[in-house]
Amino acid sequence: MLDRTFYQMPTLDVAKNLLGKIIVRRSPNNYYAAKIVETEAYIGGNDTACHASKGLTPRTQLMFGEAGFAYIYFVYGMHYMLNVVTEKKGFPAAVLIRAIEPLENIEQMIINRGGQEKNIGNGPAKLCQALEINKTLNGCDLTINQEIWLEESQSKTKLDIVAKPRIGIDYAKDEDREALWRFYLKSNPHVSKK
DNA sequence: CTCTCGATGTTCT
DNA sequence: GAACATCGAGAGG
């Protein structure tokens, strides 16, 4: 299980270092494991793409808190997004998990996704559906929780990381839209978009 | 393959 | 009342 010092690193380092790590999820009836293959960083009150740029609200208070907690929110009336809080208390930042590569209990993930065998985890809302992630896990401590946590990657091969602009943030200022804060594993088939 | 658009509920103005 | 860190269906090439 990754410890708090991992999440306390600068957000861009956390975002890059999360690639290749393993998400473990234990729900009442199921166990899953998957590899993180795509992330995005949202950093501070000056990042107009970051929810925390609106200030401290009931919704965003988690981002202002201690690193290592899950920030899960609901958008478009139907989708959940999984984020990991980073940095020091008082500095709002988080990393969005955008895509996973299924490893264990793929059959159940397919069922959770409505029976479709492709596109199980290649998007932030899809992976939450596949892994039974919803609002009940919001605010949980990823360094001690028994239902969801992260683990060190198994393979030691060097990762080929690509940096691109973030997706779905047309509302942000130009400089923030252009920031290369989206990271993914090069040529991995489970990444959300080319 | 591409593009457009509707779904649907929470949050903030 | 508007906007939203998305997805998938449907139309058209």
Side-chain angles (χ1 to χ4, degrees), chain A residues 7 10-16 18-19 23 34 36-65 67 69-87 91-102 109-140 142 148 150 161-185 189-194:
Chain A
Y7 301 104
T11 305
L12 292 176
D13 291 337
V14 178
K16 283 180 266 193
L18 276 174
L19 297 174
I23 299 186
I36 297 172
V37 300
E38 180 178 350
T39 61
E40 279 179 5
Y42 290 84
I43 312 175
N46 294 327
D47 174 10
T48 58
C50 179
H51 290 167
S53 65
K54 302 289 183 190
L56 199 162
T57 67
R59 181 200 205 190
T60 62
Q61 61 174 342
L62 269 164
M63 287 182 114
F64 287 81
F69 286 76
Y71 168 47
I72 298 168
Y73 63 90
F74 191 59
V75 278
Y76 299 119
M78 57 183 78
H79 298 308
Y80 293 101
M81 303 281 144
L82 171 64
N83 297 252
V84 171
V85 176
T86 60
E87 309 266 359
F91 185 89
V95 173
L96 169 69
I97 310 299
R98 277 197 62 89
I100 57 168
E101 175 178 330
M109 293 188 203
I110 292 171
I111 294 171
N112 296 345
R113 288 278 302 132
Q116 202 180 359
E117 297 193 12
K118 290 199 59 156
N119 305 325
I120 299 173
N122 62 339
K126 298 179 197 175
L127 71 90
C128 285
Q129 214 183 340
L131 299 178
E132 299 182 44
I133 292 170
N134 56 55
K135 203 81 180 174
T136 63
L137 295 172
N138 188 37
C140 75
L142 296 169
I148 183 170
L150 303 183
I161 297 175
V162 183
K164 293 285 187 196
R166 292 170 291 179
I167 291 180
I169 53 162
D170 288 347
Y171 57 88
K173 287 197 318 199
D174 283 355
E175 57 179 293
D176 295 325
R177 285 194 303 139
E178 292 162 8
L180 302 179
W181 288 355
R182 172 184 178 226
F183 304 98
Y184 60 86
L185 296 179
H190 299 89
V191 163
S192 66
K193 288 185 182 178
K194 288 173 260 180

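Numbered from 1 within each chain, the chains take letters A, B, ... in sequence-line order.
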Rounded to whole angstrom units, what separation is found between the [atom1] atom of [X] and the [atom2] atom of [N]?
| X | N | atom1 | atom2 | answer |
| --- | --- | --- | --- | --- |
| Lys126(A) | dG8(C) | NZ | C1' | 9 Å |
| Lys118(A) | dG8(C) | NZ | P | 13 Å |
| Ile72(A) | dT6(C) | CD1 | C1' | 16 Å |
| Met78(A) | dG8(C) | CE | C1' | 10 Å |
| Asp47(A) | dA5(C) | CG | C1' | 10 Å |
| Tyr76(A) | dC7(C) | OH | P | 9 Å |
| Asn122(A) | dG8(C) | CG | C1' | 12 Å |
| Ile97(A) | dT6(C) | CD1 | C1' | 16 Å |

Practice problem: Could you list where the contact with chain A starts and ends along DNA chain B, reading 5' to 3', using a 4.0 Å heavy-atom cut-off? | Solution: dA7(B) to dC12(B)
Quiz item: Does Arg182(A) make a side-chain N or O approach to OP1 or OP2 of dA5(C) shorter than 4.0 Å?
Solution: no
Quiz item: According to a strict under-4.0 Å criterion, is His51(A) in side-chain N/O contact with OP1 or OP2 of dA5(C)?
Solution: yes
Quiz item: How long is the span from the CD atom in Glu40(A) to the CZ atom in Phe183(A), to the nearest 0.5 Å?
Solution: 9.5 Å
Practice problem: Please determine if Arg98(A) forms a cation-pi arrangement with Tyr184(A), meaning its NZ or CZ atom is less than 6.0 Å from the six-membered ring centre and no more than 45° off the ring axis. | Solution: no
Quiz prompt | Asn138(A) side chain to Ile72(A) backbone, donor-acceptor under 3.5 Å | solution = yes
Exercise. State whether the side chain of Thr60(A) and the backbone N or O of Gly55(A) hold a donor-acceptor pair below 3.5 Å, judged by distance alone.
Key: yes
Quiz prompt | Given DNA chain B, 5'-ward residue of the pair Lys135(A) and His79(A), judged by closest heavy atom | solution = His79(A)
Self-check item: Pair assignment for DNA chain B - dot-bracket with | for other-strand partners, Watson-Crick or G-U under 3.5 Å
Solution: |||||||.||||.
Looking at every strand, decide which applies to [X] at a 4.0 Å heavy-atom threshold: base, sugar-phosphate, or nothing.
| X | answer |
| --- | --- |
| Arg166(A) | nothing |
| Leu96(A) | base |
| Ala125(A) | sugar-phosphate |
| Lys54(A) | nothing |
| Arg177(A) | nothing |

Quiz item: Any N or O donor-acceptor pair linking the side chain of Tyr171(A) to the base of dA3(C) at under 3.5 Å?
Solution: no
Practice problem: Using the P atom as the reference point in each nucleotide, state the distance between dA2(C) and dG6(B) in Å, no decimals. | Solution: 15 Å
Quiz item: Angle class for the His51(A)/Tyr71(A) ring planes (parallel below 30°, perpendicular above 60°, tilted otherwise)?
Solution: perpendicular
Quiz item: Taking the nucleotide of DNA chain C with the closest heavy atom to each, which residue, Asn119(A) or Asn83(A), is nearer the 5' end?
Solution: Asn83(A)
Quiz item: From dG8(C), dA5(C), dT6(C), pick the nucleotide closest to the side chain of Gln116(A)?
Solution: dG8(C)
